[in-house]
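The structure appears below as structure tokens.
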Amino acid sequence: MIAALALAASVSAAPADVTGLWNAPGDGGSTVRLERCGDGLCGYIVTSPHIQADPGQKDVRNRDAAQRGRPLRNLMFMKVRAIGPGHWGDGWVYNPEDGGTYKGVMTLRPDGRLSLKGCIVAPFCKTQTWRRAS
């Protein structure tokens with residue numbers, strides 16, 4: 001009985017697998033891919049309305065002029081580390097719409113959606129809610 005309770009506790013404490021494809025509402029509806037990297041997650045742009053219109057779309061709004069020639073497709077835009085079950089933070093989020101990099105926090109909601117919050121400094125934050133892509 002104690003072993004069963006310990007097993008149940010370890011299963012419920014296991015981090016949720018949020019890797020894979022997600023629909024993000026920013027940029028008119030982008031698709032992003034989350035992958036494990038180190039002790040956290042990295043996010044990559046798969047497609048967006050801008051990329052669909054121009055598959056060679058570049059990172060033209062980047063605040064670093066040296067980065068403006070890199071393609072947006074497969075661009076790593078986020079890196080966060082696990083800070084608790086269903087929570088990632090202590091990382092950064094890059095927004096190609098304004099070329100800025102922000103502190104990033106991501107939370108898995110009980111309904112299975114992800115909330116990603118990027119902040120210059122609190123309370124100057126923007127939050128997106130992502131749904132798993134089908």
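Here the CZ-CG distance, from Arg36 to Asp17, works out to 5.0 Å after rounding to the nearest 0.5 Å. Annotation: the span from Asn23 atom CG to Ser134 atom OG amounts to 7.0 Å, rounded to 0.5 Å.
Partners of Asp64 by side chain to side chain contact (heavy atoms under 4.5 Å, CB included), not counting sequence neighbours, listed by chain and number: Asn62, Ala66, Gln67. Not counting sequence neighbours, Lys103 has no partner by the side chain to side chain contact (heavy atoms under 4.5 Å, CB included) test. Residues forming a side chain to side chain contact (heavy atoms under 4.5 Å, CB included) with Glu35 (at least two apart in sequence, or on another chain): Arg33, Tyr44. Asn95 is linked by a side chain to side chain contact (heavy atoms under 4.5 Å, CB included) to Glu97, Asp98, Tyr102, counting only residues two or more places apart in sequence or in another chain.
In this structure, Leu21 shares a hydrophobic cluster with Val46, the cluster being traced through Ile, Leu, Val, Met, Phe, Trp and Tyr side chains under 4.5 angstrom apart. Side-chain heavy-atom separations under 4.5 angstrom define the hydrophobic clusters, and Val60 shares its cluster with no other residue.
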Residue pair Trp92, Val80: steps toward the side chain to side chain contact (heavy atoms under 4.5 Å, CB included) verdict = CA-CA 6 Å; Trp92 54 268; Val80 291; over 6 Å; no
What donor-acceptor contacts under 3.5 angstrom involve side-chain atoms of residues 106-116, with partners at least two apart or in another chain?
unit_1	atom_1	unit_2	atom_2	d
Thr107	OG1	His87	ND1	3.4
Arg109	NH2	Asp111	OD2	3.2
Asp111	OD1	Arg113	N	3.0
Asp111	OD2	Arg113	NE	2.8
Asp111	OD2	Arg113	NH2	2.8

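Arg61 CZ: 12 or fewer foreign heavy atoms inside a 6.0 Å radius.
Residues in residues 49-101 take part in no disulfide (SG to SG under 2.5 Å) pair, two or more places apart or across chains. Counting only residues at least two apart or on different chains, the salt bridge (Lys or Arg N to Asp or Glu O under 4.0 Å) pairs with a member in residues 67-85 are Asp59-Arg70, Arg81-Asp90. Under the disulfide (SG to SG under 2.5 Å) criterion, no residue pair touches residues 59-111, with sequence neighbours excluded. A disulfide (SG to SG under 2.5 Å) check over residues 54-99, counting only residues at least two apart or in different chains, returns nothing. Residue pairs meeting the disulfide (SG to SG under 2.5 Å) criterion with at least one member in residues 41-106, sequence neighbours excluded, are Cys37-Cys42.
Looking at heavy atoms from C-beta onward, Thr19 lies in side-chain contact with Leu41 at the 4.5 angstrom threshold. Counting only heavy atoms from C-beta outward, the side chains of Leu34 and Trp22 approach each other to under 4.5 Å. When side chains are defined from C-beta on, Ser48 does not count as touching Leu72, because their heavy atoms never get closer than 4.5 Å.
Contact between Lys117 and Cys125 at its shortest, heavy atoms only, is CD-CB, 3.7 Å. The heavy-atom pair separating Gln128 from Pro25 by the smallest distance is OE1-CD, 4.1 Å. Of all heavy-atom pairs spanning Phe77 and Trp130, the tightest one is CZ-CH2, 3.7 Å. The two residues Gly100 and Arg63 have their closest heavy-atom pair at CA-CZ, 3.6 Å.
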